[in-house]
Protein chains: 2
Amino acid sequence: MGADILVVEDEPAIQDLVAVNLLRAGYQVRKAFSAEEAQLEIKATLPDLILLDWMLPGMSGIDLARRLRLEPRTRDLPIIMLTARSGEVDKVVGLETGADDFVTKPFSPRELTARIQAVLRRRAPHAAEEASCVGGLQLDPRTHRVSAGAAELKLGPTEFRLLHFLMTHPERVHSRVQLLDQVWGDHVFVEERTVDVHIRRLRATLAQTGHDTLIQTVRGNGYRLSAKPKN
Amino acid sequence: MGADILVVEDEPAIQDLVAVNLLRAGYQVRKAFSAEEAQLEIKATLPDLILLDWMLPGMSGIDLARRLRLEPRTRDLPIIMLTARSGEVDKVVGLETGADDFVTKPFSPRELTARIQAVLRRRAPHAAEEASCVGGLQLDPRTHRVSAGAAELKLGPTEFRLLHFLMTHPERVHSRVQLLDQVWGDHVFVEERTVDVHIRRLRATLAQTGHDTLIQTVRGNGYRLSAKPKN
DNA sequence: CAAGTCTGTCACCAAGCTGTAACAGATCGG
DNA sequence: CCGATCTGTTACAGCTTGGTGACAGACTTG
C-alpha cells in the first residue's frame, strides 16, 4: 500500500488537483487547509510525508515546518515545500527549516510524484538490517548472501526470503498460511502446498553443508527453524 | 576533513544560513560580502570551491567569475553560481563565464551539498576522496583513472561514476532504484533498465582485464561489487 | 561544423524461477 | 495392519528477470 501523505494547502482547487494525482499514483492522501489543521492530523497519526504549501493563512508553512523540526516525534518527518516562484525570502526559509525538497508551482504531476518517491527513498533507506546467524548458518540481507562456514550457498529469491524469515523467527512453528503471509505477502493467492515445495528446495540447497536438518517439519502444524536437534 | 568553501553573498542572513548548512555538512567555510573581499580571501588562500551569488554590489558575481578564469592560479577553481532567476539567458551567460554549476533559488540544503559534492568530484584538484581498490581494481577519483595492474581502463562518465559508487560501497547489493538515486541523482527520470545497460558497458570494459566478474548480478535485487567468487 | 562519443530506450532472446499437479512415501489413530 | 491424512519429491509449462545488440538523439571535441 502506498505511503500516507498529508497535503497542506489552503487553495481548494490546488489541493484537489494534488490529491487526485497522488491517489492515482497509489498514495494514501489526507488533507488539511491550514497549519493548525495539519497539526491535529499529525498528532492523530504520523504521516509518511508532508506536502506543505509555504504560504498559508494563519500559521505559515514555514512556521509549521519549524515546529515539526523541534518535536522529536516529527523531526524526521519528510517535508516537501510547495512554493510559488520567488526569490530571496524562500531561500532563507528553505535553508532554515531544512525542508527535504522544494517543488515550485506550477509543477507537473509527474514531477511531484517523482520528487515524493525520491524523498521517501532517501529518508527510509531500509534501516540496515542486521545479519542473522542460526546454528552455523549466516544470512546477511545487505549483501544478500548466505554462508555456512567458508562455503557460500546460492538461493533463489523466494528461498532467500523464506530462509530470511525463518532465521529472524527461529524456534517457532509457522503454519503454511503464516509463511505465505509473511514471505509471499498477504494479498497473494498461492496454494498452501507450494510452501512445501519451496521448503524442499531450501532444504536441498542447505543439504550441501548439512544444514538442512535445521528446518524441521511439525506434522499438522507447519515448519520450524531450530538449532536444537530434532527430538 | 571537508573541503574549504568560500561563500560570497552580500545578504548577511542568507550568508549565515548557507554557512550553517555547509558547516553541518562537514565543510570548512569562509565568508565574503563582496567580490572585492572575495578576491582578497582567494589571494590569501585558494579555497576548494566558491559559492558565488550572481548579484553583488560593486563587482558582480559574473565579473568575479570572469576574472578568476583569466588568472592561471584560479582558472581551475570550481565555481557554483547562486541565482534567483531561472531563465535560459542566465544560464548561457553563466556557463560562458565558466561556472561549474548553477543553483537556482529556492534550493534545499541537500541539493546544495549534492551539487557541491558533484562539482568537487568532477573538478577539485585536491579536495577529492581517496582512491579505492577492490579485487585488484583501482580507481582514483583525483586523477579520474581506473587501472588494473599495469593496464589502464577507459570509462565513460556514467560508467566511471557507477564504478566509483560500487567500489566505495562494495559487497552490498544495490537495487536499480538505489543506483539511479546515487549515481544519476534523485531528480532524474530514467528507466530502471538503463542501469542494466550501463552495467553491461562497465562489464565490457572491465572484461579487458578479467575484472568483469567483480560485478555480480543478484537476481530480483540488483547488483553487487564483490571481491569474493561469484558462486 | 563535422566526426566522434556518450546516453537512454527498445525489442528480442536466454536463463532462471515459480506455482501446480500428480504420485510416492510417511505417519497416525484405532 | 489398514485406511486416512499429511508430507516429500519430481516434472513441467508459464512467467519473470536479466543480457545483448541496435539505434537515434544529445553532447563533446577538435
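Letters A, B, ... mirror the listed sequences (proteins, then strands); counts begin at 1.
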Exercise: do B:His198 and B:Glu159 side chains pair donor with acceptor under 3.5 Å: yes

Annotated protein contacts, base or backbone, on nucleotides 13-26 of chain D with a non-hydrogen cut-off under 4.0 Å, one of B, S, - each: ---BBBBBSB----

pair B:Leu22-B:Val7: side-chain heavy atoms closer than 4.5 Å: yes

Contact under 4.0 Å: B:Trp184 side-chain N or O vs C:dT7 OP1/OP2: no

Distance, rounded to the nearest Å, where B:Leu180 contributes CG and C:dT7 contributes C1': 13 Å

Gap between atoms NE2 and P, on A:His198 and D:dT10 respectively (whole Å): 16 Å

Nearest-angstrom distance from the residue atom CG of A:Leu202 to P of C:dG19: 14 Å

Beyond-backbone contact of A:Arg145 with B:Ser226, side-chain heavy atoms, under 4.5 angstrom: yes

Residues which pass side-chain hydrogen bond (donor to acceptor under 3.5 Å, both in side chains) with A:Arg203, listed by chain and number, not counting sequence neighbours: A:Thr217

Gap between atoms CZ and P, on B:Phe189 and C:dT9 respectively (whole Å): 11 Å

B:Pro157 or A:Thr194, whichever maps to the more 5' nucleotide of DNA chain C: B:Pro157

Contact summary for B:Val8 and B:Ala35, nearest pair of heavy atoms: CG1-N, 4.3 Å

Nearest-angstrom distance from the residue atom CG of B:Leu155 to P of C:dT5: 15 Å

Heavy-atom check, side chain of A:Leu163 versus side chain of A:Leu155, under 4.5 Å: yes

Which residue lies more 5' along DNA chain C, comparing A:Val195 with B:Glu159 via nearest heavy atoms: B:Glu159

